[in-house]
There are 2 protein chains.
Amino acid sequence: MASQTTAKTHTMRALVELRKRIIDGDIPGGTRLFEVALAEDLQISRTPVREAMSRLAEEGLLERARSGGFLVRSFAYADVIDTIELRGVLEGTAARLAAERGVPEAKLKEIGAIVQKLDLCIGETPDDVDFAAYSELNSDFHEALAALPGSATLERELDRAKRLPFASPSAFLPDNTQLSKFRRSLHAAQDQHREIVTAIHRREGARAEALAREHAQAARRNLEYIFSKDRSLLSSVPGLALVSSDGPDGA
Amino acid sequence: MASQTTAKTHTMRALVELRKRIIDGDIPGGTRLFEVALAEDLQISRTPVREAMSRLAEEGLLERARSGGFLVRSFAYADVIDTIELRGVLEGTAARLAAERGVPEAKLKEIGAIVQKLDLCIGETPDDVDFAAYSELNSDFHEALAALPGSATLERELDRAKRLPFASPSAFLPDNTQLSKFRRSLHAAQDQHREIVTAIHRREGARAEALAREHAQAARRNLEYIFSKDRSLLSSVPGLALVSSDGPDGA
DNA sequence: ATCTGCCAAAATGTATGCATGAGCGCCAGC
DNA sequence: GCTGGCGCTCATGCATACATTTTGGCAGAT
């Protein structure tokens, strides 16, 4: 959960630095990364740069060009939607498997505790919303959910999806967003969180899956709503290169 | 579909060779790969070896060790089951999205043609089964299905799952298997293939998803049946290192 | 007997020089 | 003016020497 202490090796420094630049959107999607340029920039040799790029390709932030070299992966609006869809499906599967296979009571308590802490972040009044803390805990919830069935395969897939530059909901909100407007959504999300945990506890696999999926669909609808009101927001999402595609309403 | 013409660069040679060794099971899961040893073995320097290992990690065949270096990923029986489960879920999603979003008639014709060709591989009499051709076409079917909704995100995930060493059904069959015994299963699978295509054509998303999932579940049950009769088969699956886990009936 | 700490051997991390090949622009010919 | 080939340039592919870290064993103490 906590970030790793600043890595020692050049490779790690380069990895962290490059990842940051990509996620922050400093390097737009589609950009080709040149070993020499980056090496000079980071004051290291080409070797660790190459190594770092290779790892970023594993994470899915870069892709290998046909003729060698790496490109910053660019994501279209459709990719964002599809990724949310995919996460919903995968988390639904996690919920279903957890319900079907059963999980230790202790684990359910743990995840229940997270839900309770989430409640504290979205208090009674609109000004009472601690969005940063909510986001953090929300990640914890979804991570815990992914881990419930004890399937390394599933966890791996969900982990991958979570690393994409636009994975965090906050990536879509401009800095001046009136967060209080989302209070209603957050309360609704909390209701869903609770229902999912309850369904798993009752061993209702199909219901747990449907709920987890619906939870993701709600997030997708929220997103589509935001962009339907202001399409220009699309271009301001860090790390989201809308080079090759159109907005919400298709071609 | 066809294999790429033998790669020219040392990296590519190493990549292909290593991949082969892992998938064939020449290098058991959990084995640590040493750059120097492999470099000597392949008569090249450490650099391309490292590059090849990095790419294999992207493919999911290797994993990075904590202290650097790579390990051959080892898969337990549970991983196989979970992967089939995952593929079912993902293919179900592909089928659902295809039905929901609609696909060009031409694409459906294409996939229908594959199903027809599959019929030819499992003729009327038990001796009439061309298992190799069936496997190849079956892969084509599933690949085409994955591509139907036009979601690069989904295709990418399914592609990944397909590359695992045990992905091919034939990996589980010893060389002397009486293939004719599977004729009935193959016919049943064909019925499912047809139903899936029909459901997509009729735009019945939920049904298409359920069918595709059931198709995978059937494969899983077949597998469990095979191993329930002869647990020793587990250890003979190439690339499947059953080091850390137990058989079908759990811990 | 086991634990601890040190030391040596080996493996990975890094830098750098050279080789190779893809991409691009220039020039000549049509 | 357009097209096709030629060659230059620059980025990556590869090899190798050196630095650093990890690991496993051995010795001594508890």
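Every chain is numbered from 1 and lettered A, B, ... according to where its sequence line falls, protein lines coming before strand lines.
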Sugar-phosphate only, base, or nothing, as touched by B:Thr47 at under 4.0 Å among non-hydrogen atoms: base
Under 3.5 Å donor-acceptor, A:Thr31 side chain and A:Ile27 backbone: no
For atom CZ of B:Phe34 and atom P of C:dA9, their distance in whole Å: 17 Å
Sugar-phosphate only, base, or nothing, as touched by A:Leu38 at under 4.0 Å among non-hydrogen atoms: nothing
B:His10 side-chain N/O to D:dA15 phosphate OP1/OP2 under 4.0 Å: yes
Atom-pair distance (CZ on B:Arg46; C1' on D:dA17), nearest Å: 10 Å
Nearest-angstrom distance from the residue atom NZ of B:Lys8 to C1' of C:dT20: 11 Å
Sugar-phosphate, base or nothing in reach of A:Arg32, heavy atoms under 4.0 Å: sugar-phosphate
N or O in side chain of B:Ser67 less than 4.0 angstrom from D:dT23 OP1/OP2: yes
Upstream residue (5' side of DNA chain D) when B:Gln43 and A:Thr9 are each assigned their closest nucleotide: B:Gln43
Between C:dA22 (C1') and A:Leu71 (CG): distance, integer Å: 15 Å
Length of the line joining B:Glu35:CD and D:dT22:P, which is rounded to integer Å: 15 Å
A:Met53 CE to D:dT12 P, straight-line distance once rounded to whole Å: 6 Å
Salt-bridge present (A:Arg64, B:Glu51; N to O < 4.0 Å): yes
Heavy-atom closest pair, residues B:Phe70 and B:Ala57: CE2-CB, 4.0 Å
Whether A:Arg13 side chain and A:Lys8 backbone form a donor-acceptor pair below 3.5 Å: no
Distance in angstrom units between B:Leu33 CG and C:dA10 P, rounded: 19 Å
Rounded interatomic separation in angstrom, taking CZ from A:Arg66 and P from D:dA11: 17 Å
Among C:dA15, C:dT12, D:dC14, the one nearest B:Val36 by side-chain distance: C:dT12
Heavy-atom pair with the smallest gap, counting every atom of A:Ala14 and A:Ala52: CB-CB, 3.9 Å
Sugar-phosphate only, base, or nothing, as touched by B:Arg64 at under 4.0 Å among non-hydrogen atoms: nothing
